[in-house]
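One structure below.
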Amino acid sequence: QVQLVESGGGSVQAGGSLRLSCAAFGYAYSSYCMGWFRQAPGKVREGVAVIDSGGASYADSVKGRFTISKDIPKNTVYLQMNSLKPEDTAMYYCAADPRRCEEVVVTAGGVTDFNYWGQGTQVTVSS
């Protein structure tokens with residue numbers, strides 16, 4: 001049974017930083033594609049960043065501000081978020097898939113076929 005548990009969300013002022021964590025249980029985490037998504041009220045889900053052994057990729061909206069990383073011994077993936085903006089306010093979700101990231105569908109319209117999801121953690125950025 002694959003389980004993902006996010007933490008680290010909260011409220012911060014614009015320009016501040018937060019680090020989200022996603023602890024993974026029940027599978028060979030090191031070989032999986034891991035991702036972070038977000039969804040704000042009334043908006044479609046957005047892929048933020050993904051990472052596997054081949055590297056990481058980011059949505060244009062967060063490039064240069066967010067960094068995704070993996071700590072394999074801890075079975076944890078992180079999302080370091082710097083220079084936060086009010087438009088970053090959303091529920092953030094961790095996702096995992098046994099395929100390589102290049103095989104996982106992630107569209108600009110928020111459609112994805114990641115297999116496993118966490119429960120989400122709220123990030124609120126005030127101006």
Side-chain angles (χ1 to χ4, degrees):
Q1 181 73 16
V2 176
Q3 186 177 10
L4 303 173
V5 180
E6 301 103 329
S7 61
S11 297
V12 65
Q13 289 192 325
S17 298
L18 284 173
R19 188 177 77 159
L20 306 183
S21 300
C22 173
F25 305 92
Y27 63 98
Y29 157 81
S30 62
S31 64
Y32 275 45
C33 175
M34 302 295 297
W36 285 98
F37 290 76
R38 66 186 181 186
Q39 188 165 20
K43 295 188 177 181
V44 299
R45 180 173 52 194
E46 176 186 19
V48 175
V50 296
I51 187 170
D52 64 10
S53 59
S57 61
Y58 299 89
D60 288 342
S61 58
V62 305
K63 277 182 182 176
R65 300 188 299 122
F66 290 11
T67 303
I68 188 171
S69 62
K70 295 169 68 173
D71 186 329
I72 294 175
K74 293 185 177 180
N75 262 20
T76 300
V77 62
Y78 301 101
L79 185 69
Q80 177 67 43
M81 305 185 295
N82 298 327
S83 302
L84 282 161
K85 304 175 182 180
E87 51 263 44
D88 294 318
T89 296
M91 185 71 79
Y92 283 71
Y93 298 91
C94 176
D97 195 281
R99 297 169 289 173
R100 294 178 299 172
C101 286
E102 63 184 23
E103 300 176 77
V104 181
V105 172
V106 181
T107 72
V111 176
T112 181
D113 62 354
F114 263 92
N115 266 287
Y116 305 108
W117 293 85
Q119 82 287 352
T121 185
Q122 178 68 37
V123 171
T124 302
V125 184
S126 58
S127 56

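Starting from 1, each residue takes its place in the sequence as its number.
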What's the spacing between E87 CD and T89 OG1 if we round to 0.5 Å? 8.5 Å
Do you know the tightest heavy-atom contact between P98 and N115? CD-ND2, 4.1 Å
Examine L18 and I51 and state if one hydrophobic cluster contains both, with Ile, Leu, Val, Met, Phe, Trp and Tyr joined whenever side-chain heavy atoms are less than 4.5 Å apart. yes
Could you check whether D60 pairs with K63 (Lys NZ or Arg NE/NH1/NH2 to Asp/Glu carboxylate O, under 4.0 Å)? yes
Same apolar cluster: V104 and Y93, side chain cutoff 4.5 Å: yes
Linking I/L/V/M/F/W/Y whenever any side-chain heavy atoms sit under 4.5 Å apart, do V12 and Y78 land together? no
Applied to residues 12-26, the side-chain hydrogen bond (donor to acceptor under 3.5 Å, both in side chains) test, sequence neighbours excluded, yields S17-N82
Go through it in stages, so that I can follow the logic: the residues are R45 and T112, the test is side-chain contact (heavy atoms from CB on, under 4.5 Å), and I'd like the CA-CA distance, side-chain angles, deciding distance and then a yes or no. CA-CA 9 Å; R45 180 173 52 194; T112 181; 3.6 Å; yes
Value for OG (S127) from NZ (K85), rounded to nearest 0.5 Å, stands at 13.5 Å
Atom OH of Y116 and atom CG of L4: how far apart are they, to the nearest 0.5 Å? 9.5 Å
Residue among T67, V48, V50 satisfying side-chain contact (heavy atoms from CB on, under 4.5 Å) with Y58: T67
State whether the side chain of T76 and the backbone N or O of K74 hold a donor-acceptor pair below 3.5 Å, judged by distance alone. yes
Determine, stepwise, if the pair W36 / F66 fulfils ring-ring contact (aromatic ring centres under 6.0 Å, His included). CA-CA 11 Å; W36 285 98; F66 290 11; over 10 Å; no
Would you find a donor on one side and an acceptor on the other, under 3.5 Å apart, between the side chain of D52 and the backbone of Y32? no
Group every Ile, Leu, Val, Met, Phe, Trp and Tyr by side-chain heavy-atom contacts under 4.5 Å, then state whether I68 and I72 land in the same group. yes
Checking the side chain of Y92 only, and the main-chain atoms of L79 only, is there a donor and an acceptor separated by less than 3.5 Å? no
So, E6 side chain and T121 main chain: donor-acceptor pair closer than 3.5 Å or not? no
Using modelled atom types and a 3.5 Å cut-off, is there a donor and acceptor pairing between side-chain atoms of D113 and backbone atoms of V105? yes
Under the rule for side chain to side chain donor-acceptor pair (under 3.5 Å), what residues qualify as partners of E46, not counting sequence neighbours? R38, S61
Cationic N near anionic O, under 4.0 Å, D88 to R65: yes
Distance col, row L84:CG vs S11:OG, nearest 0.5 angstrom, shows 11.0 Å
Side chains of C94 and M34 in contact at under 4.5 Å (non-hydrogen atoms): yes
Are W117 and V5 joined in one hydrophobic group, where the rule is that I, L, V, M, F, W and Y side chains link up if heavy atoms are under 4.5 Å apart? no
So, for E103 and R99, which heavy atoms are closest and what is the spacing to 0.1 Å? O-NH1, 3.3 Å
